[in-house]
Amino acid sequence: MNVSSSAGMVPVSTLGTPRIGPRRELKAALESYWSGRTDQSALLDIAARLRAANWARQKALGVTNIPSNDFSLYDHVLDTAVMVGAIPEAYGWTGGPVPLDTYFAMARGSEGDEPASCAPAICAHGHDHGRHTGVPALEMTKWFDTNYHYMVPEFVTGQRFTLASSKAVDEYREAKALGYDTRPVLLGPVTFLKLGKAKQPGLDPLSLLGDLLPVYVEVLRRLSASGAEWVQMDEPCLVLDLDEPTRAALRETYGFFAHALPKLKIMLTSYFGGLSANLDTALALPVAGLHLDLVRAPEQLAEVSAKARAGLVLSLGVIDGRNVWRADLPKLVDALAPVVRRRGIDHVQIAPSCSLLHVPIDLAQETALDADVKSWLAFAVQKMEELTTLATALAGNSEAVADRLAASGAAAQARRTSAKVHNPVVAARMAAVTPEMTRRGSPFAQRAAVQRQRFGLPAFPTTTIGSFPQTSEVRKARAAHGRGELSDRAYEDFLREETAATIRWQEEIGLDVLVHGEFERNDMVQYFGEQLAGFAFTRHGWVQSYGSRYVRPPILFGDVARPAPMTVEWWRYAQDCTDRPIKGMLTGPVTILNWSFVRDDVPRSLACRQIALAIRDEVADLEAAGAAMIQIDEAAIREGLPLRRADWDAYLDWAVESFRLCASGVSNATQIHTHMCYSEFNDIIAAIGAMDADVISIETSRSKMELLDAFVSYRYPNEIGPGVYDIHSPRVPTVEEMAELLAKATQRLVPEQIWVNPDCGLKTRKWEEVRPALVNMVAAAHRLRGDLARAAE
Ligand code: GLN
Ligand code: ZN
């Protein structure tokens, strides 16, 4: 059987591939370069080898439209900014090719002191550890609804664009020299502008389009002159709610390209959703091909194939590029065969829903995974095989791939019926969930009265968010334990000592509500996933979070159950060390869900509710063990917001319900805390109110308390700890600074509502920074207490 002969199949694209290397080679090369251990040529050499390996792999697997310029040393949006010369003045670029160190300064800040290692879960939501010396890095934010983060381009009034990098053309030629005729990938100009940020308030980035387009045309012209027949233009903004000016910008852009380069064929892609209200706009653009995300929005196929003009090549994104599940190929063949027949095999292409950037590279490396679970998965390499199998079958050559089709169908069938996936006990519990289970015994005001009585805390009580520095000793001990070089006993003793010492220190400096420090946790999601039934973990399943930061998301494959308590023993140990309250510390269901690869055979809402039931059990066990305060972190609630407004309410409804389900089984006297470490609350403040946590801690220090405004205008009634210490910076805030922030908070909230805490957990910081900062924080709280007492006199 030879599936790699393109004659026998519909053309196959990948849209983009993981850049990091099967063994995280790129990370090693980058860190080595940044630390000065290797030079530029060593880095560029490894990058070139990774690209060559990517091309070779795709070729060997039968991919016909092999991409180039999908590689990036750091981020493809940053690459685009550099390509068009959108380089803020602060980086000191004066023209000519952009030096590598300017590029990395934009990515990481100059003299960026990247810590040797940092916990992926914190990084996964975009914190910029160690970017605070010299020129700061560009801002970073989430790429659509993925956990990939891009560098936010900056635009100024009078912004000029100019061709400043030949990367796209160079990589096309590099591939060509190796014998691969690739389809270069560019981030489209409209999405590029929309992802950027205007430095001046009145500036609309779209107004810069006219100046930007000639630079793109220059790149396209050079690509075409070098031999490229097709170019892939990514315009994922097409899946967002677009206003008329943006649609007009798309028409202007693709009209301009068609006019300037009538022979060049553009495959216009969008992904992470359907075209919906932008469908007619997209279909009317003068492009040669249109890619559709048919995993997220399968329903659009019927309308598109009915409306698309005959000559338009449709790229059918039917293999899930965002998730790790193996496809049911026979089912896809049946669904797609009529479309292929109608349009003809030279007017369709088979593709993943989006670039394969978002999935791990090769399942074959996972030798320790449960065999059944493994048989249900497909990583990038396996997805390429699926694409070519499907494309072969759709060209009428099913016999050539009969075995593969049969295996795919059998795996799908096995997964549908497996007892590892479907747990009748969980189903029964889910069916027994009642609305009462999502409500606390009494409204907040009554609970607060009981809790005040119980705890007798001073005004402005002080606490921290949970983790204390994960020092290199902690990480080394964990690694040694993982390798079997440190016994369970010795590791446990070590962790106990760290915990006890941290509790003693918190008492010494006078914190009111203590934490155990989370030294035993590798990651705030993984720690729980590893103890829950229904989750699997990979050894090498890394995906890029940002730059050289990769995460290994848990794989939620089945019904979730909690075989045994997960945190109670550690909590008990910690509480035995002190008379002050130790918060029980849990990760919330929405965060566990949003930072995992989630099953695609049930709605997200259902998976979330199952996790909530498991966490609810943990909350109950903590309470029974004596925990009086339990914190349930929901760091990822906001980032799970759907891309389109119309879908927000449904998401927030089930997200809030899940939180309430896990938090509401306790008595009025048990205080439920939650924590959210980000800034933008305006959009979701009603949902946060509906979560009804007794205390919420949030990140407010960098915005100088402005973020509290959402809570003020909403009249948020429960208690709030507005972060007064920016934990993303090594800088130690002064007493004055923090007292001033607290004073600002008192202008917005009633003093009884206010807690005093840092912005987030302290795991990425050093003790040398944390110690003085928290001493100052406690002093700031004391100062406010004094002010309050004087005001009462
Ligand atoms: N309790 C966690 C910690 O302190 C919370 C981290 C987070 O919200 N990202 O590390
Ligand atoms: Zn946080």
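Just so it is clear, the values below take in all heavy atoms, side chains as well, and ignore hydrogens, waters and symmetry mates. Whatever order the structure lists ligands and atoms in, that order sets their numbers, starting from 1. The chain is numbered in sequence order, starting from 1.
- In the vicinity of Gly466, heavy-atom distances shorter than 4.0 Å reach the ligand 1 atoms 4 (O).
- Residue Ile465 approaches ligand 1 through these ligand atoms, each under 4.0 Å from one of its heavy atoms: 1 (N), 4 (O).
- The pair Lys763-Glu518 does not count as a salt bridge, with every side-chain nitrogen at least 4.0 angstrom from each carboxylate oxygen.
- Listed by number with element, the atoms of ligand 1 under 4.0 Å from a non-hydrogen atom of Ser467 are 3 (C), 4 (O), 10 (O).
- Contacts between Cys677 and ligand 1 below 4.0 angstrom, taking non-hydrogen atoms only, involve the side chain exclusively.
- Distances below 4.0 Å separate heavy atoms of Met585 from the following atoms of ligand 1: 1 (N).
- At least one donor-acceptor pair under 3.5 Å links the side chain of Gln753 to the backbone N or O of Tyr716.
- In this structure, Arg616 and Met437 approach most closely via the heavy-atom pair NH1-O, 2.8 Å.
- Ligand 1 has a nitrogen or oxygen under 3.5 angstrom from a nitrogen or oxygen of Glu518.
- Here atom 6 (C) of ligand 1 lies nearest to Met524 when heavy atoms of Glu634, Met524, Lys583, Gln470 are compared.
- Note: angle at the Zn ion (ligand 2), from NE2 of His675 to SG of Cys760, is 120° (rounded to 10 degrees).
- The side-chain tip of Arg748 does not point at the ring of Phe711 from less than 6.0 angstrom away and within 45° of straight on.
- If you look at His675 next to ligand 1, the close heavy atoms, those under 4.0 Å, all belong to the side chain.
- Using the six-membered ring where Trp is involved, Trp505 and Phe468 have ring planes that are perpendicular, over 60° apart on the 30 and 60° scheme.
- For an aromatic pair to be called close, the ring centres must be under 6.0 Å apart, and His358 with Phe144 fails this.
- For Arg440 and Asp692, the salt-bridge test fails: no basic side-chain N is under 4.0 Å from an acidic carboxylate O.
- The contact set between ligand 1 and Gly761, taken as ligand atoms under 4.0 Å from a residue heavy atom, comprises 3 (C), 4 (O), 10 (O).
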